[in-house]
Visitor: 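Okay, handing you the structure first.
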There are 2 protein chains.
Amino acid sequence: MGALPTIHDVARVAGVSRQTVSNVLNSPGIVRPDTRDRVTTAIAELGYRPHESARRLRTRKSSTIGIRIDPMTDGISGSVLDRFLHALTEQAAAQGLRVMLFTATDPDDEIRQFARLRDGADVDAFVLTSTFHGDPRTEWLIANDQSFVTFGRPWGIDDMNDPTHLWVDVDGWWGLHEATTALLAQGRRRIGYIGWPSPSGTGDDRRRGWHDAMVAAGGLTDAQLTPLAIATPDGVTPGGAALRALLAGRPGVDPVDAVVCASDSLALGALIASAGSIPVIGYDNTPVAQALGLSSVEQPLDEVASGVLELLTGAHRGRPDAGPTTDPRHRLVRPRLVLRSPAPLPAP
Amino acid sequence: MGALPTIHDVARVAGVSRQTVSNVLNSPGIVRPDTRDRVTTAIAELGYRPHESARRLRTRKSSTIGIRIDPMTDGISGSVLDRFLHALTEQAAAQGLRVMLFTATDPDDEIRQFARLRDGADVDAFVLTSTFHGDPRTEWLIANDQSFVTFGRPWGIDDMNDPTHLWVDVDGWWGLHEATTALLAQGRRRIGYIGWPSPSGTGDDRRRGWHDAMVAAGGLTDAQLTPLAIATPDGVTPGGAALRALLAGRPGVDPVDAVVCASDSLALGALIASAGSIPVIGYDNTPVAQALGLSSVEQPLDEVASGVLELLTGAHRGRPDAGPTTDPRHRLVRPRLVLRSPAPLPAP
DNA sequence: TGTGCAAATTTGATCGTTCAAATTCCTGCC
DNA sequence: GGCAGGAATTTGAACGATCAAATTTGCACA
């Protein structure tokens, strides 16, 4: 009674062989309907479930995805990973895949973890977050023929159309384009941008979204736009400082009448510093933004998760050269603008 | 070259048998030092690592902990689970344990997931978060003799000293006692409390922390304290409403001059509604609190994680009746008060 | 009725490891 | 030198599943 039933027990009860039971589970098409029913009944009766480790040993597949969980560097946007993890786990489970976590102190350590998990046959695919240009992790994974997909573009030349690896990303350009356009529709004309220093793949992309929307609107020239964009490290305090600079203006540069930001952290700082005098739009739609009624650009993490799984389990099977070339090797999903009116906040 | 080395390859290179290699790995004490060295060298040379699935199949242990990842209900405190996950994964890895995620829509579904993971021999222990009194999940786990530890007390009578299962929790009483005491030391006398409706194990515990500190201070009687505590659902808006009520006072009830809250969500609402006029202290030290300079009570999630692992791998092995009775079956860790001065916020 | 051939099912081997039992090695002592 | 007895090591079997090949079944057709 204590022992769990094995495939052999099911076979005995159903009056068939082990292999037939295995076939019912793995390729039901090749077994005759009446035997299949008999086996299914026996499985239900005994409450049998295949022993995953035995299956993994034999098939040399773990059906497990490894993903690194960050040390929660920036608290505010940390929840993006959290929501992504949830979406990924949920959708993976629906396909019989498991999600295993690991931590790493730096990229080199992460590569050691890759090796450890691969050697132990613990996972057979990885999902990478926050990749950067020339990332040693993707290079290692490619060199070692590991199956993986990144959440984030490679940001190299031509990577969009001829990527060296599979990726899913959110179209930050589109997000900031939408945000800027929405402010323009509200009659704002001098819309500033607060983002990160170049070069930053994500950051530059978002800045271009703002820039292109402003140019399309036709009010300002390229030269007039340049002083409206501020590059600063991420964080609430830098966001506040940047906004004060934009509001103050300079000789020959008028103050801005709205601001879009590359992150909710920056936007929060800007919101506080602006004292609610001008509209501010952030990025990521974090809990902070939700709580304070800050407008923000929401990343559709469900779509990102399903895109990742498609690339992992679909024709490409997590490798850039495996699938047919007709099948796109990436997914670029569109974020959604969430407009809110800020809650009243206490004065200094 | 493609194939990973097996224990057999190591044995051949070292000139010993499979089992000796296995012994070097699992019980180094029983193998002679010089053979041990030879084997260790061969392992390093080949880069051998045991195939975890094969090992699990044979030993019937998975060395994997299962934990559910929540659907991110309340965004603000969601990051607590996130930080806990990170701490748990990190410390588990140090002990050769893996962490596997799963999702569930409700407690019954979660029980189905338990069964699935157990039957597949995927995990051999569970970590439960946010348990409640009479939780069907803990009952199922006990009835099915599963190894598990909860993050959160059972909240039943006598569970503290004679628990039916192993648990780790943060001492919310102590956290609110500290917060209240800190405000008393600043000269505040009429300190209000905003929390959740009774019965709520966590909530009632935190309220008692505030209550006991107030009583110890001696300024107010029990009857005078009652109107200073407000019970309301969690959230930013309810927090604001509660604070307005406390600030307005009533016939015979003077306004408060400070407030402690059961969560950062409530505290954030209170902070906004108070317009910075009185000090507010929250609970969880979430990113929002950090960003806005809101004082808060921080849960030491590293300690919680290590406590969970101790109970899981120590003498008790995740079961209430396994270890010696001298060994405590729970850990109650003390939170840390983080005092900040709020950043200036924009006016309505 | 027998034959051919595909479909359905069964059998034997195997994945990489550890357990249990058997064997060999070594050391001390008479 | 022989022998006892423990330490060190090796051997065969097993964990529970799937793969590959062998076998049996079922059906159409001559």
Side-chain angles (χ1 to χ4, degrees), chain A residues 2-40 42-43 46-64 96 98 116-124, chain B residues 2-40 42-43 46-64 96 116-122 124:
Chain A
L4 257 36
T6 73
I7 201 171
H8 195 265
D9 299 321
V10 177
R12 187 157 18 80
V13 169
V16 297
S17 70
R18 304 187 309 275
Q19 187 59 36
T20 299
V21 179
S22 174
N23 286 337
V24 169
L25 259 41
N26 299 303
S27 25
I30 68 166
V31 38
R32 220 169 41 196
D34 59 329
T35 20
R36 186 165 54 212
D37 289 345
R38 213 143 27 94
V39 172
T40 319
I43 288 177
L46 295 175
Y48 164 79
R49 284 174 198 271
H51 191 290
E52 292 299 333
S53 286
R55 172 178 274 179
R56 286 202 272 272
L57 172 60
R58 189 59 178 111
T59 61
R60 318 190 121 279
K61 295 207 176 325
S62 68
S63 298
T64 303
R98 286 166 289 275
R116 180 177 65 87
L117 292 167
R118 172 201 57 176
D119 294 348
D122 274 321
V123 311
D124 47 23
Chain B
L4 256 35
T6 74
I7 202 172
H8 195 264
D9 300 320
V10 177
R12 187 156 18 80
V13 169
V16 297
S17 71
R18 303 185 311 273
Q19 186 59 36
T20 300
V21 179
S22 175
N23 288 335
V24 169
L25 258 40
N26 299 305
S27 26
I30 68 165
V31 39
R32 219 170 39 197
D34 57 329
T35 19
R36 186 165 55 210
D37 289 346
R38 217 146 21 99
V39 171
T40 318
I43 287 177
L46 296 174
Y48 164 79
R49 284 173 199 271
H51 190 290
E52 292 297 334
S53 286
R55 170 178 279 180
R56 287 202 273 272
L57 172 59
R58 188 61 242 237
T59 61
R60 319 185 124 279
K61 296 205 174 328
S62 71
S63 299
T64 302
R116 181 176 66 87
L117 292 167
R118 172 202 57 176
D119 294 347
D122 274 320
D124 47 23

Visitor: Quick one, Arg38(B) and Thr35(B) - any side-chain contact, counting heavy atoms below 4.5 Å?
Guide: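 Yes, side chains in contact.
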Visitor: Figure out the NE2/C1' separation between His8(A) and dT11(C), and round it to whole Å.
Guide: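 In whole Å, dT11(C) C1' lies 12 Å from His8(A) NE2.
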Visitor: Is Thr35(B) close enough to dA8(D) that one of its side-chain N or O atoms is under 4.0 Å from OP1 or OP2 there?
Guide: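 Answer no for this pair, as no side-chain N or O of Thr35(B) is under 4.0 Å from OP1 or OP2.
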Visitor: Rounding to a whole Å, what distance do you find between Ile43(B):CD1 and dT17(C):C1'?
Guide: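 In whole Å, dT17(C) C1' lies 13 Å from Ile43(B) CD1.
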Visitor: Considering only dT18(C), dA8(C), dC26(C), which nucleotide approaches the side chain of Arg32(A) most closely?
Guide: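 Selected nucleotide (nearest to the side chain): dA8(C).
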Visitor: In Å, rounded to the nearest 0.5 Å, how long is the span from NE2 of His51(A) to CD1 of Ile7(A)?
Guide: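 Nearest 0.5 Å value for the NE2-CD1 distance: 12.5 Å.
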Visitor: Can a side chain N or O of Ser22(B) be found less than 4.0 Å away from OP1 or OP2 on dT18(C)?
Guide: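 Yes, because at least one side-chain N or O of Ser22(B) sits under 4.0 Å from OP1 or OP2 of dT18(C).
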Visitor: From CD1 of Ile7(B) over to C1' of dT9(D), roughly how many Å is that when rounded to an integer?
Guide: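 Those two atoms, CD1 and C1', are 14 Å apart.
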Visitor: Between Gln19(B) and Gln19(A), which has a closest nucleotide on DNA chain D that is more 5'?
Guide: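 In this pair, the answer is Gln19(B).
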Visitor: Could you check whether Arg49(B) gets within reach of a base, just the sugar-phosphate, or nothing at all, counting any heavy atom under 4.0 Å?
Guide: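 Arg49(B): backbone/sugar contact only, no base atoms under 4.0 Å.
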Visitor: Please evaluate the base of dG12(C) for a donor-acceptor partner in the side chain of Arg18(A) within a cut-off of under 3.5 Å?
Guide: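 Counting by modelled atom types and ignoring angles, a donor-acceptor contact under 3.5 Å is found here.
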Visitor: Do Asp9(A) and Arg12(A) touch side chain to side chain, with heavy atoms closer than 4.5 Å?
Guide: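 Result yes, sub-4.5 Å side-chain heavy-atom pair found.
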Visitor: Tell whether Arg58(B) reaches the base of dA14(D) with its side chain through a donor-acceptor pair below 3.5 angstrom.
Guide: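 In this structure, the two groups form a donor-acceptor pair.
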Visitor: Can you find a side chain N or O atom of Thr6(A) that sits less than 4.0 Å from OP1 or OP2 on dC15(D)?
Guide: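 No, because none of the side-chain N or O atoms of Thr6(A) sits under 4.0 Å from OP1 or OP2 of dC15(D).
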Visitor: Quick one: Arg60(A) CZ to dA20(D) P, roughly how many Å, whole number?
Guide: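 Those two atoms, CZ and P, are 13 Å apart.
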Visitor: Whole Å only: how far is the NZ atom of Lys61(A) from the P atom of dG16(C)?
Guide: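 Going from Lys61(A) (NZ) to dG16(C) (P), I get 14 Å.
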Visitor: Would you tell me if any nitrogen or oxygen in the side chain of Asn26(A) comes within less than 4.0 Å of OP1 or OP2 on dT18(D)?
Guide: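 It does, given that an N or O in the side chain of Asn26(A) lies less than 4.0 Å from OP1 or OP2 of dT18(D).
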Visitor: Can you tell me how far CG of Leu4(B) sits from CZ of Arg60(A), rounded to the nearest 0.5 angstrom?
Guide: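 Arg60(A) CZ to Leu4(B) CG: 8.0 Å, rounded to 0.5 Å.
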Visitor: Determine: side-chain N/O of Thr20(B) to OP1/OP2 of dT10(D), distance under 4.0 Å, yes or no.
Guide: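 So the side-chain polar atoms of Thr20(B) do come within 4.0 Å of the phosphate oxygens OP1 or OP2 of dT10(D), strictly under.
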Visitor: From CD1 of Ile30(B) over to C1' of dG6(D), roughly how many Å is that when rounded to an integer?
Guide: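 The answer, rounded to whole Å, is 13 Å.
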Visitor: Could you tell me if the side chain of Val13(B) sits less than 4.5 Å from the side chain of Tyr48(B), heavy atoms only?
Guide: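 A side-chain contact under 4.5 Å is absent here.
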Visitor: Does a distance-only test, which skips hydrogens and angles, find a donor-acceptor pair under 3.5 Å between the side chain of Arg55(B) and the base of dT17(C)?
Guide: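 Under the 3.5 Å cut-off, the side chain and the base do not form any donor-acceptor pair.
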Visitor: Could you state the CG-P distance from Leu57(B) to dT14(C), rounded to the nearest angstrom?
Guide: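 One finds 17 Å between P of dT14(C) and CG of Leu57(B), rounded.
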Visitor: Between the side chains of Arg49(B) and Asp122(A), is the shortest nitrogen-to-carboxylate-oxygen separation below 4.0 Å, so that they form an ion pair?
Guide: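 Judged by the 4.0 Å cut-off on N to carboxylate O distance, Asp122(A) and Arg49(B) do not form a salt bridge.
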Visitor: In terms of side-chain heavy atoms of Asn23(B), which of dT18(D), dT9(D), dT9(C) is nearest?
Guide: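 My answer, after comparing the listed nucleotides, is dT9(D).
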Visitor: Looking at Ser17(A), does any N or O in its side chain come under 4.0 Å of the phosphate oxygens OP1/OP2 on dT9(C)?
Guide: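 For Ser17(A), the contact criterion (side-chain N or O under 4.0 Å from OP1 or OP2 of dT9(C)) is not met.
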Visitor: Arg118(A) has an atom CZ; how far is it from atom C1' of dG16(C), in whole Å?
Guide: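 Distance check: Arg118(A) CZ to dG16(C) C1' gives 17 Å.
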